[in-house]
Amino acid sequence: MQIATFNINGIKARINALPDWLREASPDVVVLQEIKSVDAAFPRELFEDMGYTVETHGQKSFNGVAILSKLPLEDVTRGLPGDDGDEQARWIEATVMGDVPVRVCGLYLPNGNPAPGPKYDYKLAWMARLKTRAAELLAAEEPALMAGDYNIIPLDEDAARPEAWRKDALALPASRAAFREILNLGFTDAFRTRVPGPGHYSFWDYQAGAWQRNDGIRIDHILMTPDCADLMRDCRIDAAVRGGEKPSDHVPVVVDLAA
DNA sequence: ATGACCTCGTCCCGAGGA
């Protein structure tokens, strides 16, 4: 089973590029971030006609996440627990009913800039709630993964120019520590089990020819519980998508599970 | 050497992103 995460930066803007990639890569499941659309405006028929079940958790203009799946979904929930006052659409989960059921969480973690400030406080508070949910997933001792745009550069090797990010919310020590806290509960970063070392990115800014110069960062991650990691066959970043027609500034990350 | 982009909204600029 192939499960992908893809920050599409607007479903309307990616109305051709996303279906093109789905036809080419044919993932069984994809979690989307930044759909930037309310649920009613999401072009669900387009994806249903391609064989996908569509579950969205959208909002106007900003944020918004979704799950597309060729396999049946059960127990869909929306919103990250822990703050009933949080209006931002950044979390969705569902159980994918393959040969082995897998709990799939799609997330769009807050950017947090400028730091320090209220937006950074929101990022760290959101990560604390994420850690709580992550601990629950581990306690269930079942295959589960959390995939999405984490807006975290875990290590210097995950940026082409680490010094440029030193004071950024994506790489500040407190951001990295919060990400490590979650990893240290017992999660596995799928991509890093397959490919070590620098030079592997999932985001390139639209500005300044970042793609052409390979001035990227790795901020889209798939974190797996041990029961899920035991099923992993492969993981890849589909970087070529960034060079396509009218691309998102992010590219898909794909994990292959024996499930 | 410097500057350089893109998306959405009810919209020709500002906010947000990373």
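So you know, we letter chains A, B, ... as the sequences are listed, proteins then strands, and number each from 1.
If you take atom P in B:dA4 and the same atom in B:dC8, they sit 22 Å apart, rounded to whole Å.
For the pair A:K36 and B:dG17, the criterion of a side-chain N or O lying under 4.0 Å from OP1 or OP2 is not met. For B:dG16, the OP1/OP2 oxygens have no side-chain nitrogen or oxygen of A:Y108 closer than 4.0 Å. Phosphate contact (OP1/OP2 of B:dT7, side-chain N/O of A:R14, threshold under 4.0 Å): present. Close to B:dG17, at under 4.0 Å from its OP1 or OP2, lies a side-chain N or O of A:K119.
One interatomic measurement links the two molecules: CD of A:E34 to C1' of B:dG9, which rounds to 16 Å at whole-angstrom precision. Between the CZ atom of A:R213 and the P atom of B:dA4 there is a distance of 14 Å, given to the nearest Å. Separating the CZ atom of A:F203 from the P atom of B:dC5 is a distance of 14 Å, rounded to the nearest angstrom. As rounded to whole Å, 12 Å separates atom P of B:dC5 from atom CZ of A:R242. Here the C1' atom of nucleotide B:dC6 and the CD1 atom of A:I8 are 14 Å apart, to the nearest Å. Distance A:W211 CH2 to B:dC5 C1': 16 Å, rounded to the nearest Å. Between A:F62 atom CZ and B:dA18 atom P there is a gap of 12 Å when expressed in whole angstrom units. Rounded to a whole Å, the CG atom of A:N7 is 16 Å from the P atom of B:dC6.
With respect to A:D156 and A:R176, a salt bridge is recorded, a charged nitrogen being found less than 4.0 Å from a carboxylate O. A salt bridge does not link A:D39 with A:R44: none of the charged nitrogens is closer than 4.0 Å to a carboxylate oxygen. Taking a cutoff of 4.0 Å between a charged side-chain nitrogen and a carboxylate oxygen, A:R192 and A:E157 qualify as a salt bridge. Using a 4.0 Å cut-off between charged nitrogen and carboxylate oxygen, A:R166 and A:D168 do not count as a salt-bridge pair.
Heavy atoms from other residues, nucleotides or ligands lying under 6.0 Å from CG of A:D234 number more than 12.
Across all strands shown, A:N151 has heavy atoms under 4.0 Å from sugar-phosphate atoms exclusively, and none from any base. Residue A:N9 is in sugar-phosphate contact alone, with no base atom involved, counting any heavy-atom pair closer than 4.0 Å across all strands shown. Counting non-hydrogen atoms under 4.0 angstrom, A:A13 reaches the backbone sugars and phosphates but no base. Residue contacts for A:D149: at a heavy-atom cut-off of 4.0 Å it reaches the sugar-phosphate backbone alone, with no base atom in range.
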Distances under 3.5 Å between nitrogen or oxygen atoms of protein and nucleotides 10-12 of chain B:
{"unit_1": "B:dT10", "atom_1": "OP2", "unit_2": "A:K60", "atom_2": "NZ", "d": "3.1"}

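The nucleotide whose nearest atom lies closest to any side-chain atom of A:S61 is, among B:dA18, B:dG16, B:dG9, B:dG9. Nearest nucleotide to the A:L170 side chain, out of B:dA4, B:dA18, B:dC6: B:dA18. Comparing B:dA4, B:dT7, B:dA18 against the side chain of A:K246 picks out B:dT7 as the nearest.
Note: A:W21 and A:F6 have perpendicular aromatic rings, judged against thresholds of 30 and 60 degrees for the angle between ring planes.
Residue A:N111 places a side-chain atom within donor-acceptor reach of the base of B:dA18, judged by atom type and a 3.5 Å distance cut-off alone.
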